[in-house]
Amino acid sequence: MLRFILRRTLQIIPTLLVVVLIIFVIFSVVPGSFISSLMSEGRNATNADVMAHLNQQFGLDKPLLVRLGDYLWGLAQFDLGISYRTREPVWNVIEPRLWPSIKLALAAMFFAAIIGIPLGFIAALKPGSMIDSGTMMLAISGLSLPEFWFGLLLMYVFALQLGWLPSFGYQADSIRHIILPAIALGVSPMALLARTTRAGVLDVMNADFVRTARAKGLSEPRLVRGHVARNVLVLVLTTLGLQVGSLMGQAIVIEKLFSWPGIGSLLVDSVAARDIPVVQGAVIVIVLWFLVINMLVDVAYAAIDPRIKVT
Amino acid sequence: MLTRLGLIAALSLGTATIAMAQDATPTDGGKLVFTAPYGNSITSLDITATPHTQDEIVAKALNRSLYKWNPEKGQPELDLAESVEKSDDGKTYTYKLKEATFHNGDKLDADDVLWSYNRLADPKKALPGAEQMLQIAGVSEFQAGTADQISGLKKIDDMTVEITVTNLADPGWNLMSNYAPIYSKDYAEDQLASKPNGLGPFKMANYVAGSKIELVKFEDYFEEGKPHLDKLDIMLMGEASARDVAFRNGEIDVNILGPVQYEAYGQDDALKDNILEVAEVYTRNIGFNPKVEAFQDKRVRQAINYAINKDLIVEKLLKNKAYPAVSWLPVSSPAFDRNAEPYAYDPEKSKELLKEAGYETGLSFSVTATPNESWGVPIVEAIIPMLSKVGVQVTTDPVESAVLSDKILSDNFETFIWSNSSGPDALKYLTCFYSKTSQTACNYVKFSNPEFDKLVEQAGSETDPAKQADILRQANNVLQEEAPVWFFNYNKAVMAYQPWVHGLKPNSMELAIQDYEDIWIDADAPASRK
Amino acid sequence: MRLRFNLVLGLLLAAIVIIAGVFAAWIAPYHPIIDADLMNSEMPPSWEHWMGTDGQGRDVFSRVLYGAQVSLTVGLVSQLINSCIGTALGVSAGYFGGWWDDLVNGLTNVMLAIPSLVFALAIMAVLGPGLPSLLIALGLTNWSWTCRIARSSTLSLKNQGFVQAAKVAGFGDGNIMRTQILPNIIGPVLVMATLGIGGAVLAEAALSFLGVGIRPPQPSWGNMLTDARELLRAAPWAAVFPGLAIFITVLGFNLLGDGMRDLLDPHMRTRRA
Amino acid sequence: MSTPLLEIRDLTVHFPLPKPFLFGSTRVLKAVQGVSLTLNEGECLSIVGESGCGKSTTALSVMGLQEPTSGEILFKGKPLTGPNAPTRKERARIAQMVFQDPYASLNPRQTVGRILAAQLALHDIAHGSEASHRVADMLSRVGLTPDHADRYPHEFSGGQRQRIGIARALMLDPKILVLDEPVSALDVSIQAQIINLLMDLQETLGLSYIMISHDLSVVEHVSDRVAVMYFGRVVEEGDWHSIFSRPTHPYTRRLIGSVPDPDAILSGDRGLPDAAEIPRNARFSPDVSRKPDPHENVEPSQLVSIGATHRVRLAQ
Amino acid sequence: MSKTVPASILSVRDLRIGIGNQSDLLHGVSFDILPGETYGLVGESGSGKSITGLSVLGLLKRPLQVTGGSILFREQDVLKLNKRERRRLRGDRMAMVFQEPMTALNPLATVGRQIAEMFVVHRGLSWAQARLKAVEALETVHVPAPDERARSYPHQLSGGMRQRVMIAIALACRPDLLIADEPTTALDVTVQAEVLKLIAELCQREGTAVLLVSHDLGVIANMCRRVGVMDRGRLVEEQDTRALFETPLHPYTRGLLAARPRLGSRTISERGRLTELDELVADTQRGRDAPTLVTPRGMLAEAGR
């Protein structure tokens, strides 16, 4: 098992390298620069000397390949560089955003799972019925609204009209603050999970071993508990993992809307400010999160499914 | 250059309405939940490292500069100095510093001032605040590397500093800047970004990056009896619609309003009495690049000014949260000509002018614009049908805000729509249209007009404020006639506040920047603010 | 029963949207850009303006119709690009295996790992806002699922008798992929594409929200919605109708995709048999 | 003796298994280990054995669908493998294949006519109406009607599909037909028709067959010669009569003994076969109850002749 | 004489199966199985033999359903039982072995647990006790090292072993009737022999009646005393096995017997053609109740003998 984790960890490196390269290439041709973003407010022209000095300070006057080399060399030493914008080490900029981001992703996934999986189950138990149609329609409806639109709707209803929940912000120790953004972010994975679960349950219910279990005279609840649930979980796990893994990157819009201090909003701000080291750093974190979660999913598979050998 | 001290003293706030009862005696204690509306994050807690207003909103609570802007009087005034003596030649100023304490307990002395200004001017540090230092004698030598230190800065004794400047202008205009605060020389520089140490009325308690800054009253603040508040939270909220919900929900105490909300709040009985509005010194405009041949013709530029019904746009799109522009200088400027009339909406005249200029048909151009609702793509969308009625085809060239200035400075545009500072220092901002001012400085439309140049030169050498204002008024009128840009509007900044909040000031420089030490909340504040 | 219901509903909704888009120029009573009357901005729905007017005084109904054109173009074309890339890579990787398969797999993983919105955002930043950029940005960033499905389908097909038979008969690999494999994986690829259309329409909205969508004043539902979010109280119709249009489109194509998937699903087939 | 039509020499096929990370050597699954067989003109050679014995891999190697790890395959003395191997197109004229699963072996998206005619065009044998003429001809030859050409595979029964599969294999007029379990997926009643068809075609067209099968009764009925494979090796090989009347290798005996044959049972000759009852012959080290590990090398052994045409593997 | 005739353990009467109200898959099939008897149902794919077996246990998948007739198990019509009663019979009194042992076992549970479940459900044992019984059951089906194997997962076993596990599950509660649906079709021929032998051995020992469904006449001949031949949803012939092979009465049966090459039937001189089914039976004769069907309880005489 350890060896498996080690190997998967090593496999992350090339993926990460390609990601870094892609981002680097894209942002080397992107119009606008960190310097020009300094005067984006259109108020005061920034001193030209200051700009030149800044360019020099951040090595932006060096050729592209040298910059890439420098960056990769730094990366190899776990150094993400210095943020153009804040002039702090990139890690210091990213680190405070990490926990809120993870929290939001997990909370959204929790919401998606506790709603989506039962919905899928309910739909699959009576395939073709109105219940099936209804639940699936509900699930799809959830993801048919643009995120920010859905988020605004939640704000209006639950914060303004009903006054149940705060409309924005992050509080380290408050569950109330996370509910609305988590729901807004969780709808789309919820719909996906409901679908996957439905398909999975249908699949498993049609499996030969369920027929065997029926032939053994098991009651339906025992059948579902003992033979269906785990097998469905195996089918749903991939979706679950991919979703948790990608939620950090998908949270951009929601984070902006709810003033949630996550990696996503940092990323958008940094793209807008052309703070490339932070963009790189944030993307690396998002990608790492994805890869690590998927590694954990694989480990979980090994724990659940004896057919999968982990070597 | 001549001093313009006092010239702006008459800066009129004209339309600013202050509905607050300022007569009540401030009470101490409680918490204010303020908002920083220009994004979901701040760049740095060290204001010297950033040029963003968003950061200034926070810095205003943490730091103090030698001077400060007095929004009510419309001029700079001493802040960290008790008194100043001006030399006879008007170029050397001797400051007697106040007794003040930094958040870490250090006492303010002359070395702190010297250290702070040297640091700002240091070219190796490339700090945006360096711009504020340029007036001090010896800075250019220092920056060029020919001098080890700034010759214009002298310590007389522990509490006395002498500053020599290069011209007759009041250094207060530069040294009041929030980007040029006084830091403690004994405090580790690399800590400034995360653990700021200033002289301001509040000190950092908790910073949640990307979310909020929690500040607490600094007990040793140098102004007696201030600040009134015990706590100050600054929420970083860039989304206007989210801010709207939060304000209506009572989660935040102040809200900078956009046009739509301005209208909505004004119509809402519960909200309309607690609105603070001020004419800000920004002029929104569409700049015509003379590299497009048609724009070299004055008649074309005027025609466009005639063709657009800006009153309607201001009314409908900006919901009257702006003042239709007459020329470049804003209404609050002393050089503003109260008798001048803005370009009227006159499509017929416009057509005529275009015909004369030979552009009856076939004129088309694109407007480089950011998504900004008040001076971006939506405005361009509104002028498209208007200009199409006079036969001018307009397309949008939407860009991110980071790209706009890039495109302008590299002369890569046909026209742009932007919001530019136009005050309070009228000469400084009219000089932007001086033919010798480069495009990368601020003559974005490469304006060149001998008559205008002459007036600006004349104004620069005029020492009598009243006369100077007169000349500038003329120059401003020339500008209107020449129409190097489409004069759109002057911004009206609007802030809504909860009824229990007192002490907010109509700051025409930037309404979102408030003197926190003067704000207080009354007994009607909800429990969460106590 | 469910099958028919959802499929038919999906088809119906998709058809409505497509018809609205294709015939926008004939149906729309006003020009979506030029016919703007600021005097009559934010008018509630009336006989002249079925869906009211927006903040610029433009007819929301006309803009929703023209928006269908843009949103559909975004959805269909970007999915076409995605499907082509994904299918080409997936089929060839599955068919040839070896280093090419490893490479494609690696690339797919990279694409899955980078959030597509971030990727699209970056591409939009490079290319600047506008329809062509949007098509490229969304077309280049969402092919990984199609690729995976195409690859796994190819893997299961390539050892089937008819593919082997084609090899034995002397057909070249390209020919086999084109005539033997492609027609047999088009179903699942189509399902992915259908589901992706909805995703692309939503992505357009998200990018508009982030300020890098379609070039205004060209109407797209995303930028109509983004423009109108401030007007939610003053002129809700300006936001509700484009929102509804997105909802209907995404719902329609998703139902269509689900219905098609059920149709291809052997379980559902035996159920009906 | 003249050159055999097809000669398989020392064919070995290894499949690499996923490499253990960092440590350990690459492991391989030895599917076929040193198989040598010959096929003479007009002959039907059957390869029998149980699942996983390597018989299908051998067949795929003959067809060029599986690259051998070592060894060579010669057609009329010319190599079909290695650097001088013919192109896929050239090889198509030599050998064709009939697949096991009649449902998976026809492209569901093409009409029967297209399935059959495409190769004619590819090999530039016939185009257009000439091609359809030939297709119609072939369809009647395999017991279908020309109008079947316009239909899609799903419109046919299993037996009819297998006929189409045979027709497809014959379109290019190959010398050798490899039959991979040609009837095992079919109903008993259909099996007879297909077997008869195959036998008829072999005679009229002078074809040579390599038949892969696990069904000994079919093998006995159709084959001229039989090779028995067990875990990647040929353990016994000879003409059909010798193999069935005098099975010598214990595995062959066990295989034959396991076939539930109604006649034998009813006549009381044999009861239920039992592995334990198979006579053990010390000479042949018949420890067939223990499975050899397919990953490991079995000690070298060889086939020894025990009759004019009968050879058996002798373990040392 | 009749007093010596035991009551049938299973008595299927005029069973019809179809979708909705149409009985187009099974057109009224009747047969009896006596206690301890092994009864074979032989037929080609689509003849209805498998759904007959499944319907006895009540395992037909929607939309298939029994549309008529009765299934008397120990003289009780199981079709009239409610769901719960029927479920209690399943596994306990009647059990089933399926064709594909790989997919018929839950891949995520140890085989020990899957066997033990039977004792937990039907005997109310604790899991610990049931586990011991499961190991015993594995021993009964001749699985080597049963204690160790009980901890294995299905994928770790060979096909033959898996089928043994299936048999252990089916016979765990010593049912009165075992329905074996093509139990050896997926297995290699040598393994098939072993598994068949095992079924025969165990059922003889416990006196379990067996309904063996197969397409392979060889297997049927091996195992069964009586055979029913099914074609197109009808039972076309039922005879004592020996009699069936010697004197097949229905033309379809004759065709079936003739079409199959038999081991050892080829002469050294030539490779003869096989007789094809349709040479012996016209299409119109297929799937018709023929006078060849002696009686639903045709073997009374023999049973009493």
Side-chain angles (χ1 to χ4, degrees), chain A residues 11 14-16 18-19 22-23 26-27 29-32 123 127-130 132-133 136-137 140-141 143-149 152 156 188 191 195 199 202-203 205-206 242 245-253 256-257 264 267-268 271-272 274 279 282-283 286-291 294, chain C residues 1-6 9 106-107 109-119 121-123 125-128 195 198-199 201-206 208-212 221-222 225-226 229 232-233 239 243 246-255 258 261-262 265-268 270-272:
Chain A
Q11 279 171 354
T15 310
L16 216 52
V18 175
V19 170
I22 291 175
I23 300 296
I26 288 181
F27 279 94
V29 294
V30 86
S129 66
M130 283 316 283
D132 182 17
S133 284
M136 280 302 109
M137 198 89 110
I140 298 174
S141 300
L143 104 174
S144 300
L145 278 174
E147 275 174 317
F148 70 85
W149 204 232
L152 267 180
Y156 272 104
S188 130
R195 281 170 164 176
L202 280 180
D203 232 31
M205 284 308 232
N206 275 290
L242 275 168
S246 48
L247 272 182
M248 195 185 274
Q250 284 170 1
I252 295 177
V253 169
K256 257 184 96 78
L257 190 64
L267 185 67
V268 179
V271 169
R274 301 291 188 261
V279 172
V283 171
I286 288 171
V287 169
L288 263 181
W289 167 257
F290 177 88
L291 295 174
N294 277 286
Chain C
M1 164 66 189
R2 168 197 137 80
L3 187 101
R4 295 249 173 73
F5 176 67
N6 281 10
L9 185 62
L107 206 60
N109 286 338
V110 169
M111 294 301 296
L112 276 177
I114 305 182
S116 51
L117 192 59
V118 173
F119 210 155
L121 189 70
I123 295 178
V126 172
L127 301 176
L195 297 175
V201 170
L202 288 175
E204 189 267 327
S208 285
F209 175 80
L210 295 173
V212 283
W221 295 335
L225 211 48
T226 307
R229 77 194 132 139
L232 201 50
R233 284 163 176 284
I246 293 184
F247 182 79
I248 286 175
T249 310
V250 179
L251 188 68
F253 280 102
N254 271 292
L255 287 176
D258 270 7
R261 185 171 15 218
D262 281 350
D265 183 1
H267 295 322
M268 295 306 282
T270 50
R271 225 160 262 287
R272 285 192 310 145

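Naming: A, B, ... by sequence-line order, numbering from 1 per chain. Because only heavy atoms are used, hydrogens play no part in the values below, and waters and symmetry mates are left out as well, while side chains stay in.
In this structure, chain C has a heavy atom under 4.5 Å from the side chain of A/Leu242, while its backbone stays farther away. Both the backbone and the side chain of C/Ile114 come within less than 4.5 Å of a heavy atom in chain A. At a 4.5 Å heavy-atom cutoff, the contact between A/Leu152 and chain C is made by side-chain atoms alone. Proximity to chain A (any heavy atom under 4.5 Å) is shown, for C/Thr226, by both the backbone and the side chain. At a 4.5 Å heavy-atom cutoff, A/Leu247 makes no contact with chain C through either its backbone or its side chain. In this structure, chain C has a heavy atom under 4.5 Å from the side chain of A/Val283, while its backbone stays farther away. Proximity to chain A is absent for every atom of C/Ile248, based on heavy atoms less than 4.5 angstrom apart.
Between the CG atom of C/Leu202 and the CD atom of A/Glu147 there is a distance of 8.0 Å, given to the nearest 0.5 Å. Between atom CG of residue C/Asn109 and atom CD of residue A/Gln11 there is a gap of 9.0 Å, rounded to the nearest 0.5 Å. Atom CD1 in A/Ile23 sits 6.5 Å away from atom CZ in C/Phe119 (nearest 0.5 Å).
Taking 4.5 Å as the limit, every side-chain heavy atom of C/Leu255 sits out of range of all side-chain heavy atoms of A/Met136. With contacts defined as side-chain heavy-atom distances shorter than 4.5 Å, the pair C/Thr249/C/Trp221 qualifies.
In terms of non-hydrogen atom pairs under 4.5 Å with chain A, the most contact-rich of C/Ala239, C/Gly252, C/Ser116, C/Ala203 is C/Ala239. Chain A forms more heavy-atom pairs under 4.5 Å with one residue of C/Leu251, C/Ile246, C/Leu117, C/Leu107 than with any other, namely C/Leu251.
Of the candidates A/Leu267, A/Ile252, A/Leu291, A/Leu267 is the only one forming a side-chain contact (heavy atoms from CB on, under 4.5 Å) with A/Ile286.
Closest non-hydrogen pair, C/Val118 versus A/Gly249, comes out as CG2-O, 4.1 Å.
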